[in-house]
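I have placed the structure first, in the form of structure tokens, so that the comments after it can refer back to it.
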Number of protein chains: 4
Amino acid sequence: MGAKERKRVPRAVREQEMLDAAVESFARHGYRAASMDDIAEAAGVSKPLVYQYLHSKEELFTACVRRESATLISAIREATGLEAGQVMPADRQLWNGLCAFFAHTAAHPHGWAVLHQQARTQGEPFATQVAVLRAEMVEVVTRLIGSAAQDAGCDGALAAREVSGLAHALVGSAESMAEWANSRQSDPPSPKETAATLMSLCWPGLENLLNGVRWKPTR
Amino acid sequence: MGAKERKRVPRAVREQEMLDAAVESFARHGYRAASMDDIAEAAGVSKPLVYQYLHSKEELFTACVRRESATLISAIREATGLEAGQVMPADRQLWNGLCAFFAHTAAHPHGWAVLHQQARTQGEPFATQVAVLRAEMVEVVTRLIGSAAQDAGCDGALAAREVSGLAHALVGSAESMAEWANSRQSDPPSPKETAATLMSLCWPGLENLLNGVRWKPTR
Amino acid sequence: MGAKERKRVPRAVREQEMLDAAVESFARHGYRAASMDDIAEAAGVSKPLVYQYLHSKEELFTACVRRESATLISAIREATGLEAGQVMPADRQLWNGLCAFFAHTAAHPHGWAVLHQQARTQGEPFATQVAVLRAEMVEVVTRLIGSAAQDAGCDGALAAREVSGLAHALVGSAESMAEWANSRQSDPPSPKETAATLMSLCWPGLENLLNGVRWKPTR
Amino acid sequence: MGAKERKRVPRAVREQEMLDAAVESFARHGYRAASMDDIAEAAGVSKPLVYQYLHSKEELFTACVRRESATLISAIREATGLEAGQVMPADRQLWNGLCAFFAHTAAHPHGWAVLHQQARTQGEPFATQVAVLRAEMVEVVTRLIGSAAQDAGCDGALAAREVSGLAHALVGSAESMAEWANSRQSDPPSPKETAATLMSLCWPGLENLLNGVRWKPTR
DNA sequence: TATGAATGAGTGTTCATTCAT
DNA sequence: AATGAATGAACACTCATTCAT
């Protein structure tokens, strides 16, 4: 009687439902403020069941981070052709990566909020997890800079530390734009527009640097 | 015996000591995880005294954010010459602002962490406070782009929305580099190095855009 | 080992046990001085369970007041025949009501103390709740005076405000006697004795008033 | 400079000011909820000064109760001629006492609230203090009934316990009417009206009882 | 006479987590 | 597979009270 009781559902499915509810709750209220009660209720199950499957709040959050990280990074990898070993000019590669990134963060705002706003700021052990994601994104960019350097025939013009700094700058600007784009309720820019603006801003400087041209304070 | 008992100290001084302790605690553990007990102990006073002066956890955090925001933004304003109404070429202005920014965030890492990692992610009413700070930084950049456009004799080449996007990208990349610089325990880049890398990355693209030159996906 | 651990018990039962403990604690120590810790311990459960079921100290107290009010007023209503619509001479009705009242307050001294000593004096919102109870008792008395007036064929001899005053005087004297009776540890008067004394004191004056006879200061 | 600082004031005066503030605060918020901070502020002095003069919250409250009790009971004593040893018919004496009582409680509502609503309900040691006041009022009434009995030439018609019950009923009805009168914001009855209503209600029954006439349940 | 500075002890409330079914 | 019943530990906040001046 009543449509209240959900049917018995296989574990794998229930787990995903729980993760969906948790991601939304963590995004909305933050890691600490989100309560297991709320998450369980949002998932339409009882709290003990959440514990049976995900064991603890920490593990639950970890699972969220892992899932969201994986889908994001694989979207980027696929777009940049790293998965398939395709060959592409570096700017094309960066452009594709950025488009994929902005498209994904726009499509999954809660997941992105969990990664960017929550996990990074909750101290260990979560910061490390996101650091891994970030490292992968930075690595993509780093590799990209490397192959661009080869194309330009000017390997070694940049110190490793400077490359690291550049990669963080690029990733940071992308993150910032993603948040900006998501927060514009009305008239939000399309992923491609956003990517184009960022390419226009950064690609010339990047090419310059690869050719040894750098900005200097005038006198 | 022992240095346990602090002398009676005027209120204004004690308040600053409390804010120091609170900023560090919030930076280390996050807003929710930092406990008033810990903060009071770190400040060397009893909890009721903290409440007598700062009234609540929320107001305490707000006071931290306000203080750290104020010192940061005034450092930037001073460096960019906005306070004194000086005239400077746009790139020089940007360069000075970035140097001040990286110097300040390096000198006050906890304060920066509170602003960038904590306040932004704790929802209302704190997000709004940091949004104000960010808006001021974005405004500085926006104004700067405007004056650069005038210098280049090409006003109006950029839509307002694109300028907004660019400003967010620039601010985001700076924030990201500040965090990266702070997190490099060994061999940390100097504020000037960091600023130089970022200028090299972004200035060429900015100049291009002001001249109507933008990156386009090849074919 | 030991009878410490109580069995798992259905919610409805536990709630009543909690209310029992709370009523006693509130009666003994007063609303403010009674602590949730004590109440939980007296109920043989942990504090969180009390909160799970009753939500807050205020709601817990409210629930106590509601329960005690309900049992008292229904005892009176039943005795005066208001429930069943019986017809009775007014003095008989008053007599029955008083007997029920004194019997109930003697049987539930803690409940009575919560209503009479605590709820009334703790300001809003509790005062209102007891005001409702009192209003019901006053209304019973008022109706009773009205029907007595009809019996005496002298409707309208008393102003509404004076009836209100009389009702409060009657209710107040009953309340006072209930407390007096409860506080006599040794040789306590039976409910019927108490009721008889009060009837002897008040009924003649009431009859006089209905016939327009009132006391006047001599000369 | 500024009219902020109150002049140095003799101790006796300051103490009365403190008691005034305390009585009002206790009446408004209740014993527990009234805070020493509020009371000190309302009295226009610092908290340590309150402690210097009144020693503790408990002693402060005790002093309030004592002062309010004393003024009330002496008003009654004076009115009933007990102080001066005057001779008066019993009904006249009761009438005078009631008038004095209702006049006093109407003139000092906060003091009456402290006695009737707060002190009685805060458990020991305050309940005892008010019990003393009540005992004095009951004693006045008891003596009055005794002298009325002599007048009527029918000593010993009433058992001591019944007299005690009657006295509590009378006192209770007076208390209840005082509260009722004080709580009627608009169109409040004058003390004399209130007293007249109560006399009309109770005196006939009292006379009857002294003559051995009592109410009996019919059949 | 009078006070700003400071605290120990306690209160109501919440939450992640487990047990028995 | 799933849950109602139950708790230990912590947290924000308040208050009566004292000390140093």
Side-chain angles (χ1 to χ4, degrees), chain A residues 5-11 13-14 32-40 44-60, chain B residues 5-11 13-14 32-40 44-60, chain C residues 5-11 13-15 32-40 44-60, chain D residues 5-11 14 32-40 44-60:
Chain A
E5 54 268 18
R6 312 274 319 269
K7 280 299 184 46
R8 303 231 158 179
V9 158
R11 171 160 183 161
V13 174
R14 265 283 140 85
R32 304 272 311 203
S35 84
M36 296 296 271
D37 278 276
D38 296 346
I39 292 170
V45 298
S46 73
K47 221 174 2 165
L49 195 57
V50 178
Y51 276 88
Q52 213 165 108
Y53 287 174
L54 279 314
H55 314 310
S56 75
K57 195 184 188 180
E58 206 172 305
E59 281 191 46
L60 169 58
Chain B
E5 56 269 15
R6 311 276 319 268
K7 278 305 186 48
R8 303 232 158 178
V9 157
R11 174 169 181 155
V13 174
R14 265 284 138 84
R32 304 276 309 209
S35 85
M36 294 298 270
D37 279 278
D38 295 347
I39 291 170
V45 298
S46 71
K47 211 175 11 166
L49 197 57
V50 179
Y51 276 90
Q52 210 165 116
Y53 288 173
L54 278 314
H55 312 310
S56 75
K57 194 183 190 183
E58 203 171 308
E59 280 192 46
L60 170 58
Chain C
E5 56 270 14
R6 312 274 320 266
K7 279 306 189 46
R8 305 234 157 178
V9 157
R11 173 168 181 156
V13 174
R14 265 284 138 85
E15 272 190 16
R32 303 276 308 209
S35 86
M36 295 297 271
D37 279 279
D38 296 347
I39 292 169
V45 298
S46 71
K47 210 170 19 160
L49 196 57
V50 179
Y51 275 88
Q52 208 166 118
Y53 288 174
L54 279 314
H55 313 308
S56 74
K57 195 182 189 183
E58 203 171 310
E59 280 192 47
L60 169 57
Chain D
E5 54 267 19
R6 311 277 317 269
K7 280 300 181 48
R8 303 231 156 178
V9 157
R11 170 159 184 164
R14 265 281 142 84
R32 303 273 312 203
S35 84
M36 295 297 270
D37 278 275
D38 297 346
I39 292 169
V45 298
S46 73
K47 222 176 0 167
L49 196 58
V50 179
Y51 276 89
Q52 214 164 106
Y53 288 174
L54 278 316
H55 313 309
S56 76
K57 194 183 190 182
E58 205 171 309
E59 282 191 46
L60 169 58

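Reminder, nothing fancy here: chain letters follow the sequence lines and each chain counts from 1.
Secondary-structure annotation of DNA chain E gives the stems E:2-21 with F:2-21, with a stem taken as at least 3 successive Watson-Crick or G-U pairs whose two distances both fall under 3.5 Å.
Here the side chain of Ser35(C) is nearest to one of dC19(F), dA20(E), dT11(E), namely dT11(E). Closest to the Lys47(A) side chain, of the nucleotides dT3(E), dG12(E), dA6(F), is dA6(F). Taking the side chain of Met36(C) as heavy atoms from C-beta on, and the options dG12(E), dA6(E), dA6(F), the nearest nucleotide is dG12(E).
Per the geometry, CG belonging to Leu60(B) stands 15 Å off P belonging to dC11(F), to the nearest Å. The CD-P distance, from Glu15(C) to dG4(F), rounds to 15 Å in whole Å. Atoms CG (Asp37(D)) and P (dT18(F)) sit 15 Å apart, rounded to a whole Å. Rounded to an integer number of Å, the gap from Arg11(B) CZ to dA20(F) P is 22 Å.
If you check every strand for non-hydrogen atoms under 4.0 Å, Ala34(B) touches sugar and phosphate atoms only.
For the pair Arg14(C) and dA6(F), the criterion of a side-chain N or O lying under 4.0 Å from OP1 or OP2 is met.
Applying the side chain to side chain donor-acceptor pair (under 3.5 Å) rule to Ser46(B) yields no partners; only residues at least two apart in sequence or on another chain are considered. The salt bridge (charged side-chain N to carboxylate O under 4.0 Å, His left out) search around Arg32(A) returns none, not counting sequence neighbours. With sequence neighbours left out, the side chain to side chain contact (heavy atoms under 4.5 Å, CB included) criterion links Glu58(C) to Tyr31(C), Ser56(C), Pro125(C), Phe126(C). Applying the side chain to side chain contact (heavy atoms under 4.5 Å, CB included) criterion to Lys47(C), with sequence neighbours excluded, gives Met36(C), Asp37(C), Ala40(C), Tyr51(C).
Considering every non-hydrogen atom in both Tyr53(D) and Arg14(D), the closest pair reads CE1-CB, 3.8 Å. Residues Glu59(A) and Leu54(A) share a closest heavy-atom pair of CB-O, 3.2 Å.
Across the interface with DNA chain E, nearest-nucleotide mapping of Pro10(B) and Arg32(B) shows Pro10(B) to be the residue nearer the 5′ end.
Interface residues of residues 48-57 of chain D facing DNA chain F, ordered by number: Pro48(D), Tyr51(D), Ser56(D), Lys57(D); criterion, heavy-atom separation under 4.0 Å.
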